[in-house]
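Remarks on the structure that follows.
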Amino acid sequence: ILLVEGAVIGVFTSLDTFLFFLFWEVTMIPTYFMIALWGGPQRIQAAIKFLLFSLAGSLLLLIGILALYHVGGTFDILALMQVEFAPKIQFWIFLALFLGFSIKVPMLLVHSWLADAHSEAPTAGSVILSGLLLKMGAYGFLRFCLPMLPEASAAFAPLIMWLSVLAILYGGAMALAQQDFKRLIAYSSIAHMGFVTLGIFGFNNQSIQGAVLQMVNHGITTGALFLVAGMLYDRTHDRTINNYGGLHQVMPRFATLLTIFVLASIGLPGTGSFIGEFLILVGTSYHSYLLVLLALIGIVVGAVYMLWMFQRMVLGPVHPYVANLPDLTRREMASVIPMAVVVFAIGVYPAVLLDPIHASVAALVQDLAQVQPLRIAEVWTAP
């Protein structure tokens, strides 16, 4: 856990592309062992799948970083932002970086490792995956693709926004079909990260600020859901939703905290997710009302699968299988209550995060406003 934490800090603070890639790779090793050594019954298969997808993304990322160095002559991220890349160069570097980052997010079509990794990982592994590692991909878009390759980013933005909305709908539909509560939360992550990529490629202040805020919200809310689910799994070693029922009578503290995080995941006003999603939808409305409508349908689907899971597990008569379960201990409560406080703090006073975010986002949007989207035809005709 400490090794992952140190590597993640390195990823988010590196101003050198080589160091960025080095720390990016280091996060993969302890995560693999966390899944393979301490995971569920299918842990080996899930760990290998996670490793293969991560390696594929890392190789593409390395190709993109080496191309940036070859053309720009430096590994310095700030210096590379000042380099003007030719259209053909931008196209191919963007493709390599985008595919590398999208596997980590993960975006639709390269997402299949996520559900297995989440459902088989131990509780700590699931929390780190959802709270930190998924954000590395979205951060890569903001750190590399948009400022260094703005024309290519603008050219691909409509396609990526549609992929993001499809991810929101697909993640919701798959979550509806799950009988395993950890897989349900995992597929909800695909939907929530769809909002993040939708906001990033909205190219305006509201959408990008909302995307950054939503990264924080998703890390806290989904991380807390995995943490609470892990506490229940420790007692029963069973993840099947239909084997539970009436937990509000047996474990009232657990039911209270689960209620808070379910409502936060839905995006109820007063929670942080509401602010993030609202800003993303406002920014998206400048591009297409149809995208906004489809994203809103995704939010409704999200409410359906989360409330349906809650109703089957927590409400109704007490299932004999859980009749004698002990409630959360003080230690367990102490690990989760701060997350609940942060959920409401961001929802009630989002300026505490939006103010620090604003300056860097405004500078990025100002640069993007002067960009003409790359015409793909130029790629094949440029020397």
Side-chain angles (χ1 to χ4, degrees), residues 40 118-119 121-127 130-131 171-172 175-189 191-192 217-274 277 299-348:
H118 269 317
S119 58
T123 300
S126 295
V127 172
S130 63
L176 272 173
Q178 301 307 309
Q179 296 299 319
D180 179 323
F181 58 71
K182 282 192 78 175
R183 287 184 77 87
L184 184 147
I185 300 169
Y187 278 111
S188 78
S189 280
H192 290 306
N217 292 329
H218 176 262
I220 294 166
T221 303
T222 307
L225 281 171
F226 275 119
L227 205 55
V228 173
M231 293 170 184
L232 186 61
Y233 180 74
D234 286 342
R235 289 161 166 76
T236 63
H237 297 287
D238 187 353
R239 301 195 302 255
T240 307
I241 294 173
N242 289 333
N243 287 346
Y244 294 89
L247 286 176
H248 72 289
Q249 298 181 48
V250 181
M251 303 172 67
R253 295 175 188 169
F254 170 86
T256 301
L257 286 168
L258 183 62
T259 303
I260 291 170
F261 297 123
V262 163
L263 294 177
S265 179
I266 292 170
L268 191 77
T271 63
S273 296
F274 171 76
E277 290 176 357
I299 293 175
V300 173
V301 174
V304 171
Y305 65 71
M306 292 304 293
L307 292 175
W308 191 36
M309 179 269 288
F310 183 82
Q311 185 264 328
R312 286 183 288 170
M313 292 182 66
V314 178
L315 305 179
V318 177
H319 195 289
Y321 181 70
V322 300
N324 299 313
L325 290 183
D327 205 352
L328 300 185
T329 64
R330 289 183 179 180
R331 176 171 171 271
E332 289 171 326
M333 295 281 288
S335 65
V336 182
I337 285 176
M339 292 176 151
V341 172
V342 172
V343 162
F344 289 117
I346 297 173
V348 173

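Keep in mind that this is a model prediction, so the values were computed, not measured.
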Considering only heavy atoms from C-beta outward, does the side chain of [X] approach that of [Y] to under 4.5 Å?
X    : Y    : result
V301 : L176 : yes
F254 : E332 : no
Y233 : H237 : yes
S335 : M231 : yes
Y244 : H319 : no
V250 : D327 : no
D238 : Y321 : yes
L315 : F310 : yes

Taking all non-hydrogen atoms of both residues into account, name the closest pair between [X] and [Y] and its distance.
X    : Y    : value
S273 : T221 : OG-OG1, 4.0 Å
Y305 : A191 : OH-CB, 4.3 Å
V343 : A264 : CG1-CB, 3.6 Å
M333 : L257 : SD-CD1, 3.7 Å
V342 : I220 : CG1-CD1, 3.3 Å
M309 : L184 : CB-CD1, 4.0 Å

Starting at [atom1] of [X], measure out to [atom2] of [Y] and round the result to the nearest 0.5 Å.
X    : Y    : atom1 : atom2 : answer
F181 : N243 : CZ    : CG    : 10.0 Å
Y187 : D180 : OH    : CG    : 10.5 Å
T222 : N217 : OG1   : CG    : 9.5 Å
S188 : Q178 : OG    : CD    : 10.5 Å
I337 : R330 : CD1   : CZ    : 11.0 Å

Expected output: side-chain [X] to main-chain [Y] donor-acceptor under 3.5 Å:
X    : Y    : answer
R253 : L328 : yes
S126 : H118 : yes
R183 : A175 : no
K182 : G230 : no

Residue pair [X] / [Y], side-chain donor-acceptor N/O under 3.5 Å:
X    : Y    : answer
N242 : T240 : no
H218 : S189 : yes
S265 : H192 : yes

Candidate pair M339 and V228, rule side chain to side chain contact (heavy atoms under 4.5 Å, CB included), full reasoning: CA-CA 11 Å; M339 292 176 151; V228 173; over 6 Å; no
Check against side chain to side chain contact (heavy atoms under 4.5 Å, CB included), L258 and L225: CA-CA 7 Å; L258 183 62; L225 281 171; 3.9 Å; yes
L232 vs M251, side chain to side chain contact (heavy atoms under 4.5 Å, CB included): CA-CA, chis, key distance, verdict: CA-CA 10 Å; L232 186 61; M251 303 172 67; 4.0 Å; yes
Worked verdict on H248 versus M313 for side chain to side chain contact (heavy atoms under 4.5 Å, CB included): CA-CA 9 Å; H248 72 289; M313 292 182 66; over 6 Å; no
